[in-house]
Q: 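A single structure is presented below for examination.
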Amino acid sequence: MKSPGAIERTLGWVDDRTGLVAVTEHAMFHKVPRSAKWWYVFGSATLMFFIVQLVTGVLLTTLFVPSAAEAYQSLVYIDEKIPMGWMLRALHGWSSNAMCIMMLIHMTQIFLHGTYKFPRELTWVAGVALCVTTLGLAFTGQIMRWDANAYWGLGIGAAIVDRVPFAGNWLRSVVLGGPDISGATLSRFFALHVFVLPGTAIGLIGLHLILVLKGGISEMPKVGQPIEPETYRKEYESRVKKTGVPFFPDAARRDMVFCGAALIGLIGLAAWYGPFGPGPVPNPTIIEVAPRPDGLFLWLFAVLALLPPYTETFLILVGPPVGIAFLAALPFISPRGERAPSRRPISVIILCIIVTALAVLTWLGETSPWSPVMKAWTSIPTPIEYVRDRSPLELQGAIQLQYAQCRNCHSIGGEGGKRGPALDDVATRLSWDQLVRQIQQGGGNMPAYGKSLSSAETEALAAFLSTLDGGHLPARIPGAMEHQPGRDQSPTADPRAEIDAETDANSDTVAAR
Amino acid sequence: MSERPNEDSTGTDPGSTLPSEAGGCEGCEPAKGGGRRGFLFAAGTTLLTVGGGLAAVPIVGVAIGPAEAGDPNRWISLGKATDFKVGQTVLVKFTNPWDSPTDGDSNLNVCYVRCLDHKKFQVFAITCAHLGCPVEWFAQSRLFMCPCHGGVYYEDGARASGPPPRGLYEYVWRIEDGSFEILGGRLAGLQEST
Ligand code: FES
């Protein structure tokens, strides 16, 4: 055991040569406002998850082979053969999500409390740069999972880059490392994910922390205590001097509790749910895939599906840079004034709109109602009640509905695509003539089937569709049923033909359904 | 180092060991009328610029090389023209005309060949003209559907519905000695495509 004197002497020596001890002491024991409570833990948690990413990431690079020929096999090998390898991948994947979520909550809190104002403008700007870097890490990380989603995700990225006016094609080749997605593409994204972006993040985190120390941790916003750049610094310092507490251990206690709990939560999630993917093999000749981005980018996927085509190129190229520039410019647009959310209604409304929009878009991206269900036509059965008591022509139409892939976009009985309207009660909306016209000519985002269906097939299909009246309503559109050729010829052969007359047969049919 | 200000100072006291405040500041200004200090500064700047420029040649070269490599398209044979059935659209595999040892399966590719008669074809890229997802052909409804955002194309490649801004990309094709060939190698995209 060394005497305390020896320790102090050693520290003194180190500080004399490096100056680091004083800096560390200042960082740990500087006074922070007493009001810095649970709201302030999210930045620390983001940093903790980043450290988890660094440690697990370094280990993963010792196992992962960044070659398009072997990456997939190396991931499977890590998952199945390396002891605890699956857990390492799971930690890296879940921690990446956790880091992004903590970062977004942290940013939201800073925005809501107006902390970006004087004198912490550059802390915010460094934070915005960190946010962009982190999203870059998340996207490139998805590519490292070299599976079908990664391959086609790159294709989507390439198609977006390709839309840049004039330089698009050139830029695309630089990004992909060649004229098409190949081994060189994975290598480029590996370099970004493992060297460039983490290096940038480490630098920016250092800067961010230095700036936090320089500007001091903000107090909770108080109504009637607006930021006046002329006097703020003096007042802040005197308040902190009077009532502040040392960062360690007073304020750090909450960070430690939260980070510890979050870390244990992370380990639980990773152990329970395991690693992400890899999904289907990245073989471009296997095209029965439905590429989807990870949860974090689902909102973007939704945006790309929902933007009107003529605005799309402009918005996807101009939107992100303008959005990021606006975020970074925020403290310069509004450097002073009230910080309390109750006094900044416009900011609160903007925040609510953004959060709601992102949540709705993410949900839409998750359900992706605009995507056809590519296997619906072969894999989903026709509900029995939709074919009971139907005439042969109508049954032929029911087969046609499956066979012509109608169900890839239209559901019946709640199953099938959601791109077009559900067809369960289509006969209450369209007359016979309208049905035939819609099938043949399409319109309203539906392709025309005039060339691919014969007139007999179209007739059968229309005959079946005109029996779909919602299951309990008689066909409301006059003529929807009368003009069915099959029914016109033998109107009494089928009890359902008497629906319009509202006889007992009608209620029988209803009961049968 | 401590001697440099003295060497270069244009000041009055070359013998002093420590530069005066004013002398140091004067020395900071590059090369009043030349002198050794000004020469060194100019030489340093020049050498670093030249060295940086030379180092940038391979660095930038490798970074943007792929974009400068010239036309990657080559004629690729997809088999005998008469092997395609008239009236059918089929998915055909081929290998990209360039590859590297690390490409693995990623140098494989596919396209749709539509045979109108044995002299007339259409060859479609697999990538959706919207954002590049792989479209799937449905022979029954004679439509191509995209699994991503619901783009749909007719059998002749024309846009039918959904977000795509145009029809499917087509490859240029030819028949050489009975062999059906397409000009391929570059990922189809809005720019530089047919
Ligand atoms: S990529 Fe095909 S519709 Fe968007």
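Labels below follow one simple rule: chain letters A, B, ... track the order of the sequence lines, proteins then strands, and each chain is numbered from 1.
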Q: Is A:I156 close to chain B through its backbone or its side chain, or both, or neither, when contacts mean heavy atoms under 4.5 Å?
A: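 It is both, since atoms from each part get that close.
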
Q: B:N107 versus chain A, heavy atoms under 4.5 Å apart: side chain, backbone, both or neither?
A: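 No part of B:N107 comes within 4.5 Å of chain A.
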
Q: Please state whether the side chain, the backbone, both or neither of A:W370 comes within less than 4.5 Å of a heavy atom of chain B.
A: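 Both parts, heavy atoms under 4.5 Å.
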
Q: Could you tell me the separation between the CH2 atom of A:W152 and the CD1 atom of B:I126, rounded to the nearest 0.5 Å?
A: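 Here the interatomic distance stands at 6.0 Å.
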
Q: Which bit of B:A129 is near chain A, if near means a heavy-atom gap under 4.5 Å: side chain, backbone, both or neither?
A: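 It is the backbone, since no side chain atom gets that close.
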
Q: Do other residues, nucleotides or ligands put more than 12 heavy atoms under 6.0 Å from B:D177 CG?
A: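 No, CG of B:D177 has 12 or fewer neighbouring heavy atoms, counting only those of other groups under 6.0 Å.
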
Q: For A:Y403, does the OH atom sit with more than 12 other heavy atoms under 6.0 Å from it, leaving out its own atoms?
A: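 At most 12 heavy atoms, drawn from other residues, nucleotides or ligands, come within 6.0 Å of this atom.
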
Q: Report which part of A:Y449 has an atom under 4.5 Å of a heavy atom belonging to chain B: side chain, backbone, both, or neither.
A: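 Side chain only.
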
Q: Given heavy-atom pairs under 4.5 angstrom as the criterion, report whether the side chain, backbone, both or neither of A:P291 touches chain B.
A: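 Both backbone and side chain.
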
Q: Measure distances from B:F94 to the heavy atoms of chain A and classify the residue's part below 4.5 Å as side chain, backbone, both or neither.
A: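 Neither; nothing under 4.5 Å.
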
Q: For a quick test of reading the model, state the closest non-hydrogen atom pair linking B:H130 to A:L304 and the distance between them.
A: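 For B:H130 and A:L304, the tightest heavy-atom pair comes out as CE1-O, 3.2 Å.
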
Q: Under a 4.5 Å heavy-atom cut-off, does chain B meet the side chain of A:P293, its backbone, both or neither?
A: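 Answer is neither: A:P293 stays 4.5 Å or more from chain B.
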
Q: Are any non-hydrogen side-chain atoms of A:Q402 and B:Q140 less than 4.5 angstrom apart?
A: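 In short, these two side chains do not touch, never coming nearer than 4.5 Å.
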
Q: To the nearest 0.5 angstrom, please state how far the CZ atom of A:R419 sits from the CE atom of B:M145.
A: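 The CZ atom of A:R419 sits 10.5 Å away from the CE atom of B:M145.
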
Q: With only heavy atoms counted, which part of A:K418 is less than 4.5 Å from chain B, the side chain, the backbone, both or neither?
A: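 Neither part.
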
Q: Quick one: what part of A:V373 sits under 4.5 Å from any heavy atom of chain B, side chain, backbone, both or neither?
A: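 The answer is neither part of A:V373.
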
Q: Sort A:Y310 into side chain, backbone, both or neither according to what part of it lies under 4.5 angstrom from a heavy atom of chain B.
A: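 For A:Y310, no heavy atom lies under 4.5 Å from chain B.
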
Q: So for B:P165, is it side chain, backbone, both, or neither that comes closer than 4.5 Å to the heavy atoms of chain A?
A: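 Looking at B:P165, just its side chain touches chain A.
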
Q: Identify which part of B:I64 has an atom lying under 4.5 Å from any heavy atom of chain A, answering side chain, backbone, both or neither.
A: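 Its backbone and side chain both get close to chain A.
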
Q: Answer with side chain, backbone, both or neither: which region of A:S371 has an atom nearer than 4.5 Å to a non-hydrogen atom of chain B?
A: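 Both backbone and side chain.
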
Q: Given heavy-atom pairs under 4.5 angstrom as the criterion, report whether the side chain, backbone, both or neither of A:L306 touches chain B.
A: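 For A:L306, there is no contact with chain B at all, as no heavy atom is under 4.5 Å.
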
Q: Begin with the C-alpha distance, continue with both residues' side-chain angles, and end with the deciding distance and a verdict on side-chain contact (heavy atoms from CB on, under 4.5 Å) for A:S452 and B:Y154.
A: CA-CA 9 Å; A:S452 49; B:Y154 292 117; over 6 Å; no

Q: Hey, what do you get for CG (A:D162) to OG1 (B:T127), rounding to the nearest 0.5 Å?
A: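 With rounding to 0.5 Å, CG (A:D162) is 9.5 Å from OG1 (B:T127).
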
Q: Chain A: which of B:P134, B:G65, B:G132 shares the most heavy-atom pairs with it under 4.5 Å?
A: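 Among B:P134, B:G65, B:G132, the one with the most close pairs to chain A is B:P134.
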
Q: Report the option among A:A71, A:P372, A:G155 that has the most heavy-atom pairs separated by less than 4.5 Å from atoms of chain B.
A: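 That would be A:P372.
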
Q: So how far is it from A:S182 OG to B:L187 CG, rounded to the nearest 0.5 Å?
A: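 The distance works out to 10.5 Å.
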
Q: Does A:I287 form a side-chain contact (heavy atoms from CB on, under 4.5 Å) with B:V110? I'd like the steps, not just the answer.
A: CA-CA 9 Å; A:I287 59 156; B:V110 275; 4.0 Å; yes

Q: Against chain B, label A:V161 side chain, backbone, both or neither, depending on which of its atoms sit under 4.5 Å from a heavy atom there.
A: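 No part of it gets close to chain B.
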
Q: Are there over 12 heavy-atom neighbours, none belonging to A:W299, within less than 6.0 Å of that residue's CH2?
A: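 No - once you tally the heavy atoms of other residues, nucleotides and ligands closer than 6.0 Å, there are 12 at most.
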
Q: For the atom pair CG (A:N408) and OG (B:S141), what is the distance rounded to the nearest 0.5 Å?
A: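 These two atoms lie 7.5 Å from each other.
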
Q: Side chain, backbone, both or neither: which part of A:E70 has a non-hydrogen atom closer than 4.5 Å to chain B?
A: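 Neither part; nothing is under 4.5 Å.
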
Q: What part of B:L143 lies closer than 4.5 angstrom to a heavy atom of chain A: side chain, backbone, both or neither?
A: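 The side chain, not the backbone.
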
Q: Checking heavy atoms, do the side chain of B:C128, its backbone, both or neither come under 4.5 Å from chain A?
A: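 Neither part.
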
